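Below is one structure, written out as C-alpha cells; the observations come after it.
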Amino acid sequence: METAITEVKAAQDALRQLFGTHQRVVFFGGAGVSTASGIPDFRSVDGLYHQHFAYPPEEMLSHDFYVEHAPEFFEFYRERMIALDAVPNRCHTKLAELEAAGTLSAVVTQNIDGLHQAAGSQSVYELHGSVHRNICQRCGAVYDAAWICAREHEDEQGVPVCPACGGSVKPDVVLYGESLDDATVEGAVRAIAQADALVIGGTSLVVYPAAGLIRYFTGDVLAIVNRDPTPQDRYADLLISCDIAQAFDF
C-alpha cells in the first residue's frame, strides 16, 4: 500500500502531475467533497447519523418512511438535506476547470446537492439523484429545491402538492429501498471503464451499490483523496490524506 501524502503542497503537486499526464480522468466523489461547503456528511463523528432525531436518519431517508410518514419525511428533507446557501468549494471549481481543459472526462458523485453543476461541471453522473429535482408523481412536473422550501403549495400536513394537477411530489433522490437509475449507472460505468486514471475523493467507499462501480476501472492510476482510511487504500497508486478542497487548489 502506498504511504499517504498528508502535506497539502505535496498533495497538490501529485494531483497536478496526475492530471497533467492523463487525458481521460474520472473523479468519483462522496460527501467529503461538500463538507468544505458547509454540508454535513453522514458517517463522521459530527455527521447526521450521529445526531439525535425522532427517528434514525437511515429510516427517515427510506422509501417506506416517505410513503408512510410524509410530513416527517419532508420536515427532515427541508431542514437537513437541502442547503440552498451552500456554494461550491475549490474541489468543485477545480474539477470544472479540469473538464473545460479537456483532462477530466466525467464526475461521478454520490452527492445530491448539485454543487458540481453549480461550479460549472457538465458531465456529471448523480448516482443518488438531486434535491434540485422534485417530481410530481402524477403529471411529471419538476420543481426545484427553492420551490420545496418556499412551502407555497402543500397540504395541511406540510406535504408538497403539485399546483398543476394536485399530485404528490417526490424528491428525485434515491432513498433506502430504491434502486439507482439505470441510465445514470450505465453512463458512470462507461466513463469509469474508459478512464486512464480514476480519482476517488471524499468518500468512505462503504455505500453500495455506488462504491462497487469502481471495480470497472482498469486504467493506469488509481488515486484516493480522503481524510480517513478506506477499504480500497491498499489498491491505490496515489493515496492522499488531507483536506480535499486544499488538495485541489492547484
Side-chain angles (χ1 to χ4, degrees), residues 8 11-12 15 25-51 57-58 60-61 76-99 104 106-134 144-146 148-149 171-176 180-181 184 188 191 198-208 210-211 213-214 223-230 232 240-250:
V8 171
Q12 293 170 342
L15 287 172
V25 185
V26 168
F27 179 85
F28 181 96
V33 177
S34 294
T35 53
S37 294
I39 297 178
D41 63 9
F42 288 85
R43 291 174 173 77
S44 69
V45 174
D46 298 321
L48 289 177
Y49 286 173
H50 290 89
Q51 299 179 27
E58 301 98 317
M60 287 190 284
L61 292 175
F76 183 80
Y77 178 63
R78 290 188 187 97
E79 294 182 1
R80 298 292 180 168
M81 305 308 294
I82 299 176
L84 293 180
D85 294 334
V87 297
N89 60 59
R90 186 55 180 142
C91 180
H92 295 109
T93 57
K94 185 63 179 183
L95 290 171
E97 292 171 8
L98 291 166
E99 181 185 14
L104 182 76
V107 169
V108 179
T109 180
Q110 300 172 80
N111 297 333
I112 60 174
D113 50 48
L115 290 181
H116 285 292
Q117 291 91 332
S121 290
Q122 301 295 315
S123 181
V124 181
Y125 296 98
E126 296 173 306
L127 297 176
H128 296 152
S130 173
V131 298
H132 298 285
R133 297 185 302 270
N134 300 273
D144 62 18
I148 289 287
C149 292
D172 188 22
V173 299
V174 179
L175 304 175
Y176 289 108
L180 303 185
D181 177 73
T184 302
L198 177 64
V199 180
I200 298 171
T203 174
S204 58
L205 291 176
V206 297
V207 177
Y208 283 81
L213 299 187
I214 67 173
I224 297 179
V225 186
N226 199 55
R227 182 185 59 188
D228 301 317
T230 82
Q232 301 297 320
I240 294 174
S241 179
C242 67
D243 182 270
I244 193 167
Q246 293 180 354
F248 272 85
D249 191 16
F250 62 89

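These figures come from a predicted structure and were not determined experimentally.
Here the side chain of Asn89 pairs a donor or acceptor atom with the backbone of Val33 at under 3.5 angstrom. Between the side chain of Thr230 and the main chain of Ser204, no donor-acceptor pair closer than 3.5 Å is present. With Glu79 contributing its side chain and Tyr77 its backbone, the two residues share no donor-acceptor pair below 3.5 Å. A donor-acceptor pair under 3.5 Å is absent between the side-chain atoms of His92 and the main chain of Ala118, judged by distance alone. Side-chain atoms of Glu99 come within 3.5 Å of backbone N or O of Ser123 as a donor-acceptor pair. Distance alone, capped at 3.5 Å, places no donor-acceptor pair between the Arg227 side chain and the Gly32 backbone.
Test Glu126, Gln122, His132 against Gln117 for side-chain hydrogen bond (donor to acceptor under 3.5 Å, both in side chains) and you get one pass: Glu126.
Thr203 pairs by the side chain to side chain donor-acceptor pair (under 3.5 Å) definition with Gln110, not counting sequence neighbours. Applying the side chain to side chain donor-acceptor pair (under 3.5 Å) test to Ser241 and every residue at least two apart in sequence or in another chain returns nothing.
With a 4.5 Å cut-off on side-chain heavy atoms, Leu198 and Phe27 do not count as touching. Side-chain contact between Ile200 and Ile214 is present, with heavy atoms from C-beta onward closer than 4.5 Å. Using a 4.5 Å cut-off on side-chain heavy atoms (C-beta onward), Leu127 and Leu213 make contact.
When all heavy atoms of Gly30 and Asn111 are compared, the closest pair comes out as O-ND2, 2.8 Å. Taking both residues in full, the closest heavy atoms of Val26 and Ala191 are given as CG2-O, 3.4 Å, listed atom of the first, atom of the second, then distance.
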Show every donor-acceptor pair shorter than 3.5 Å between a side-chain atom in residues 243-250 and any protein atom, with sequence neighbours excluded, or say none if there are none.
from, atom 1, to, atom 2, distance (Å)
Asp243, OD1, Ala245, N, 3.1
Asp243, OD1, Gln246, N, 2.9
Asp249, OD1, Arg90, NE, 3.1

